[in-house]
Amino acid sequence: MKSAKTKVTSALSSAEGPTARANDVNTGNVSTPPSSKATADITRRRFLMGLGTFGALTGAQTLLAPLLPSGMISSAIAQTKDSFRIIGKSAGLVVLNDRPINAETPAHLLDDKITTAENMFVRNNGIPPTSIDPANWLLTIEGESAKQSKQYTLADLKQKFTHHSYQLTLECGGNGRAEFSPGAKGNQWTTGAVACPKWTGVRLADVLKDVGIKDDAVYIGYYGKDTHISGDPSKEAISRGVPINKALEEENLIAWAMNDADIPFMNGHPLRLVIGGWPASTSGKWLERIVIRDQIHDGAKMAAPAYRVPCEPVAPGSKVADEDMCIIHAMPIKSLITYPKSGDSHKKDVQFPVRGHAWAGDKAVSKVELSIDFGQTWLVASLEKPVNRNAWQHWHSQIQFPSKGYFEVWAKATDSDGVGQPMILPGWNPKGYLNNACHRVAVQVM
Ligand SMILES: Nc1nc2c(c(=O)[nH]1)N[C@H]1C(S)=C(S)[C@@H](COP(=O)(O)O)O[C@H]1N2
Ligand SMILES: [Mo]
């Protein structure tokens, strides 16, 4: 069935091509998650382990490894990035950029209801920290709308406040960017800049209230330990935030654990902000400082055009003035088919399962429908309730194909306000954000 498989994959090349390519070439083993005593040393050792894998594949000199800042790949490795793995991450992740490292998750690797550490995507704007010392980590809360400035160690946070766990969906605002036409610069995410692990930490609201919030507070902003891609220490890699009303919702966490283990280094160990349902750029990694602002936060990548879309719809390819760009708030309704894997073959007479997840920013998902005839008829899938607000919802169904041949499975989710996913690309915008078009996978029925 080799020729049919090739045909199936190429029929959906724009949506699934890079995924299929990466799966063909990546064969490394999976490394273990970070230990609970992770330090700078461990970070470095894990980086060396990664290079060791690379060295085994290519014969490269691992001697070079100590010279490389963690999170960066040398140009030698970049040339063969398809065979390089990010430390602690699945070999199936697709590396989109190596300076800094950015990698997405093929849909079939998001099949777990709770995204595993090795399968969570990685999105870096700057250079990840080169040393991490959890024992001496300090979180500072301050700002013109904070009643005082206060610092907490990780131990303080763990002792002083009630612990909470939530499954929270993080989706990059640029997820789906690859499909826009005319195209937008930036990481060419297809469908895989989304994850929904279980996070544990303290409520952002509890910590903000402990410091004291002045009546004039309108926004919060975060700062992390990573550095600007240029290496200029006076510049931030990214420093975004959310309106104070969103910040005070109970699901937002200052988290030290993901899936009951340390957060993977690339996902923000030892501490990160987790703001479910909003662009994941609001969830600061390697969290060192939170500011309570009396104005909309003005940190790096808050100003237009970053993480903004035209306030009113524009024709594809338009130039949009900065003052006509509005900040993205909650992410729109979207879904993913995590089984079957696109391009797989299936026997005609077997009823086989179709499943995935759907999420809707601050809202709930009310319905998921499937089509195997290009949207002419739809079948309603079984939809589970979210485990908590801002967590994605699992859906599943059984499909019986009417004949042999090439089929596409389409999924379309609708949110609790009755707003559904578009089947074609929605609102073109200069930076390629918020593509929530239906996901589709190819199936060859034999
Ligand atoms: N400190 C810091 N926090 C950050 C970023 C970053 O580059 N530095 N990237 C943001 C963006 S744009 C996204 S999409 C998410 C990605 O989280 P992940 O790398 O854990 O998947 O982290 C956000 N938080
Ligand atoms: Mo992002």
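Numbering of ligands and ligand atoms starts at 1, following listing order.
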Item to check | Gap between atom NZ of Lys334 and atom CG of Leu336 - 0.5 Å precision | outcome: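 Atom-to-atom, Leu336:CG and Lys334:NZ are 8.0 Å apart.
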Checklist entry - Mind checking what residues have non-hydrogen atoms under 4.0 angstrom from ligand 1? => result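 Within the 4.0 Å shell of ligand 1, which is judged on heavy atoms, sit Met120, Phe121, Val122, Arg123, Asn124, Asn125, Cys172, Tyr222, Asp226, Ile238, Met266, Asn267, Arg272, Ala280, Ser281, Ser283, Gly284, Lys285, Trp286, Tyr307.
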Next on the checklist: I'd like to know whether the aromatic ring centres of Trp395 and His357 sit less than 6.0 Å apart in this structure.
Outcome noted: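 Judged by ring-centre distance (under 6.0 Å), Trp395 and His357 do not meet the cut-off.
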Item to check | His269 ring center near Trp137 ring center (under 6.0 Å) | outcome: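 Distance test on ring centres: not under 6.0 Å, no.
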Item to check | Partner set under side-chain contact (heavy atoms from CB on, under 4.5 Å) for Ala237, not counting sequence neighbours | outcome: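 Partners of Ala237 by the side-chain contact (heavy atoms from CB on, under 4.5 Å) criterion, ordered by chain and then number, come out as Asp226.
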Next on the checklist: Show every disulfide (SG to SG under 2.5 Å) that has at least one partner inside residues 238-334, sequence neighbours left out.
Outcome noted: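 Of all non-adjacent pairs touching residues 238-334, those that pass disulfide (SG to SG under 2.5 Å) are Cys311-Cys326.
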Checklist entry - Which residue pairs satisfy the salt bridge (charged side-chain N to carboxylate O under 4.0 Å, His left out) criterion with at least one member in residues 185-198, sequence neighbours excluded? => result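 Counting only pairs at least two positions apart or across chains, the salt bridge (charged side-chain N to carboxylate O under 4.0 Å, His left out) contacts touching residues 185-198 are Lys198-Asp260.
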